[in-house]
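The next block holds one structure in the form of structure tokens; read it before the comments.
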Amino acid sequence: MNKSDLKVITFLAYKNIAKSKTTFFVIVAVMAMSFLSITFFAAIIDGLGYEFEEGMIKTLTGHLVIEPSENDKYLENTNNLVSDIRRIPDIVGVSQRIDSNAVATHENIQVGIPIIFINPEDELRVSSFSESIVEGEYLSKGNNNELIIGSELLKSYSGENDAEKKLDAGVGDIIQLSFSNGFVKDYKIKGVFKTGSRFGDMNALMTYGDYEEVFDTSNIASKIIVTLPDRGMEEEFKNKLIGIGVKDQINPWQTKMGTVEQFISSLEITNKITLIVGLLTAFATIYIIIFINVTNKRKQIGILKATGIKKEIILGSYVLQSLIYGVAGVIVGILMMFGLISLLTIYPLKMPIGDVIPILTTTKLITTVLILVLASVVAGFFPSKKAADDNILEAIFGG
Amino acid sequence: MKNIIISAKNLERVYTTGIIKTYALKDISIEIKEGEFVAIMGPSGSGKSTLLHQLGLLDTPTKGSIIIDNEDVVNLIESKRTKFRLEKLGYVFQSYNLVPELTALENVYITSMAQGMPAEEYKKKAEDILKRVGLGERLNHYPSELSGGEQQRVSIARALINKPKILFADEPTANLDTASGDNVLSIFKELNEKHNQTIVLVSHEPEHAKIVDRVIWVKDGLLDKSRK
């Protein structure tokens, strides 16, 4: 193929597209919609997965969780450790917690509930509990004989079909808690929180001050939650924690997802199936449109061949047209996608787990772009090759 | 003495459908000299267009040989046949067969562009030829904006741009009114007389026999030697 061949290829492709603007716009619109249908649904699912993970990070795990070694039940001397961690530059927040359980009793209903003892002020930089109060108020410092309770533990927040045993209590009500050491006391519900993360909202929160009263112990923790400036920095900060002498287990949030991870993996599998089905549909659509387009140009292809235009030039011009359709469609699709993402960033989708913003990863964007462009070229190649290989007389006169 | 530019010997073209064989051409041998204006004539279905398609390398005979400009063209590989058509042959079809997406000027210069001629040169050549066939004012019109006669003149200009050794015309006036048809034929006559252009014309109109140098009569796929 020489320079003049390429010139004729470009010229014929340009003239065909310029003279058939309607065909061009229809094909580009189909390509753009195919791109959008593939990427938008995938982006919603990714956004949903991200929101699930964020729910866990902002309630139970932070970005890093420091936990006792296998043989120990608690981390010791945690007040100093928390202070040391807080001095590491760029750490956003550090909070120690103690996980416990109690049997809650209210109006003859008894329910076992998980209790997390926290320092309310430290939690402000680590978790979303304080921002998720839907009734009443957040906890204040000290020993106040109060608790805040997750919406998943209350009957008033459960759905119609939810048969789980729940407390029929609200803000201001007194509930009695019986702890594992036999300590029993009445506590007032100060607030109700609803983070959107079911795993977070299944807990009640109390202060470290109350823990000391119940268990007569201080300066220990079940875990220390560390919040970093962003995801992806876990390894870097884990090394920094080791650097300041942390000898306990330091686990990134990914290792703590449990069933959430399974759920997200299922979403990702669904996403991949959707992607494959979407791509196949897009490929079939593009193939049919380009096939019809090329079939309608069969006579023209015959004429060009008869006048001595090389088969390779004819094939090249149709493949180039398909490439232009593919690239133009993908560009329009990307613009529409970014428009939609921008819109949904301002007005997120309201879902039970919280506000979901679609996420389009660069890898997914590039993969979809490449596959769709490739699909359009392949879809253009085969019908064009068939037409270019046709007998000249059959192409011109039919048959 | 004029050179022989086309020499076809024992041409046979058989179309096979299942076990049925249809002979479109049977053992045809002809010679055409350089600068000759020849008409291939005969009744409908006689095989005249089929013969033209074999001579013009638009089809391949099932048997026989064709020598054009001292080259055995039957056995050329496809890419060489394409190049041969581009450089040495020109075609005018009954139904014009212009590329609808190209203007008159572009339809004419596309083959020169494919030959690698500089843009200024092929545009000038195409413009000159279109002016010669009386379409100087219609250069940038698309085929759909031209009358049948005008489209056929564009088709002639396209056939001539690469200065073909032979111009093949397959019933070029069949779709035209009398005036346009006469105009096309007068262009052919002028090309032949003034520029010594070899022309092979397929026609079934008896009056065309008067303007050509020689008529090759075809009947039932055979040369009709009873007519001269």
Side-chain angles (χ1 to χ4, degrees), chain A residues 1-24 27 293-318 320-321 324 384-399, chain B residues 13 15 17 24 49-50 52-54 56-60 77-103 105-119 122 142-144 155 157-162 164 168 170:
Chain A
M1 189 149 302
N2 56 40
K3 205 175 151 190
S4 60
D5 290 351
L6 292 173
K7 189 177 172 184
V8 181
I9 286 173
T10 315
F11 176 73
L12 287 174
Y14 163 72
K15 289 299 296 187
N16 260 318
I17 290 174
K19 197 73 176 56
S20 319
K21 289 191 185 73
T22 312
T23 309
F24 176 75
I27 296 177
N293 189 33
V294 173
T295 307
N296 287 337
K297 301 277 167 75
R298 196 171 169 228
K299 182 172 181 175
Q300 178 188 327
I301 289 170
I303 299 164
L304 288 168
K305 276 179 76 179
T307 55
I309 303 293
K310 284 187 218 168
K311 198 165 82 174
E312 293 77 15
I313 291 179
I314 296 164
L315 180 62
S317 100
Y318 280 96
L320 179 62
Q321 282 176 64
I324 293 168
S384 311
K385 172 94 171 62
K386 190 178 174 301
D389 284 343
D390 259 359
N391 176 288
I392 294 175
L393 297 175
E394 281 180 7
I396 297 178
F397 302 113
Chain B
R13 183 66 172 101
Y15 296 102
T17 315
S49 287
T50 308
L52 183 111
H53 295 152
Q54 315 306 309
L57 308 196
L58 297 177
D59 196 11
T60 310
I77 58 165
E78 198 193 326
S79 59
K80 290 259 167 74
R81 282 168 76 88
T82 304
K83 192 164 186 283
F84 195 92
R85 281 199 301 269
L86 178 70
E87 290 172 352
K88 296 192 175 175
L89 311 179
Y91 304 89
V92 178
F93 298 99
Q94 180 180 334
S95 51
Y96 333 127
N97 286 337
L98 298 174
V99 178
E101 284 82 11
L102 304 181
T103 63
L105 191 68
E106 291 161 349
N107 259 294
V108 175
Y109 71 56
I110 185 75
T111 53
S112 297
M113 184 194 262
Q115 280 193 322
M117 201 181 277
Y122 64 64
Y142 285 94
S144 58
S155 167
R158 177 180 63 188
L160 293 176
I161 189 159
N162 291 334
F168 292 98
D170 189 1

By a 4.5 Å heavy-atom criterion (distance strictly below it), what part of [X] contacts chain A: side chain, backbone, both, or neither?
X         : answer
Tyr109(B) : side chain
Pro100(B) : both
Ile110(B) : both
Glu87(B)  : neither
Ala119(B) : both
Arg81(B)  : neither
Phe84(B)  : neither

Query - Heavy-atom contact with chain B under 4.5 Å, split by part of Leu12(A) - result: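 The side chain, not the backbone.
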Query raised in the report: Tell me, side chain or backbone of Ile309(A) under 4.5 Å from chain B's heavy atoms, or both, or neither?
Result: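 Interface part for Ile309(A): both.
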Query raised in the report: In Å and rounded to the nearest 0.5 Å, what is the CE to CD1 distance from Met117(B) to Ile161(B)?
Result: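 So the gap between those two atoms works out to 6.5 Å.
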Query raised in the report: Nearest 0.5 Å, what's the CD1-OG distance between Ile303(A) and Ser95(B)?
Result: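 One gets 7.5 Å once the value is rounded to the nearest 0.5 Å.
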Query raised in the report: Picking from Thr307(A), Asp5(A), Ile392(A), Asn391(A), which has the most non-hydrogen pairs under 4.5 angstrom with chain B?
Result: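 Most pairs with chain B among the choices: Thr307(A).
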Query raised in the report: If you tally heavy-atom pairs under 4.5 Å against chain B, which of Lys3(A), Glu312(A), Lys7(A) wins?
Result: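 Result: the option with the highest number of such pairs is Lys7(A).
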Query raised in the report: For Tyr142(B), does the OH atom sit with more than 12 other heavy atoms under 6.0 Å from it, leaving out its own atoms?
Result: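 Yes, the 6.0 Å shell around OH holds more than 12 heavy atoms from other groups.
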Query - Lys15(A) atom NZ, over 12 foreign heavy atoms within 6.0 Å - result: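 Yes, because the 6.0 Å sphere around NZ of Lys15(A) holds more than 12 heavy atoms from other groups.
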**Report entry** Heavy-atom side-chain contact between His53(B) and Asp170(B) under 4.5 Å
**Finding:**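 Yes; the side chains approach each other to less than 4.5 Å.
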Query - Residue pair Ile314(A) / Ser384(A), side-chain heavy-atom distance below 4.5 Å - result: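 They are not in contact (no side-chain heavy atoms under 4.5 Å apart), so the answer is no.
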Query raised in the report: Is it true that a side-chain atom of Lys305(A) and a backbone atom of Ala388(A) form a donor plus acceptor pair closer than 3.5 Å?
Result: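 Looks like yes, one N/O pair under 3.5 Å.
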Report task. Give the minimum heavy-atom separation between Pro164(B) and Ala159(B), together with the two atoms involved. Result ->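 Result for this residue pair: CG-O, 3.2 Å.
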Report task. Flag the one option from Leu57(B), Asn97(B), Leu86(B), Thr82(B) with the top tally of heavy-atom pairs under 4.5 Å to chain A. Result ->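 So the answer, after comparing Leu57(B), Asn97(B), Leu86(B), Thr82(B), is Asn97(B).
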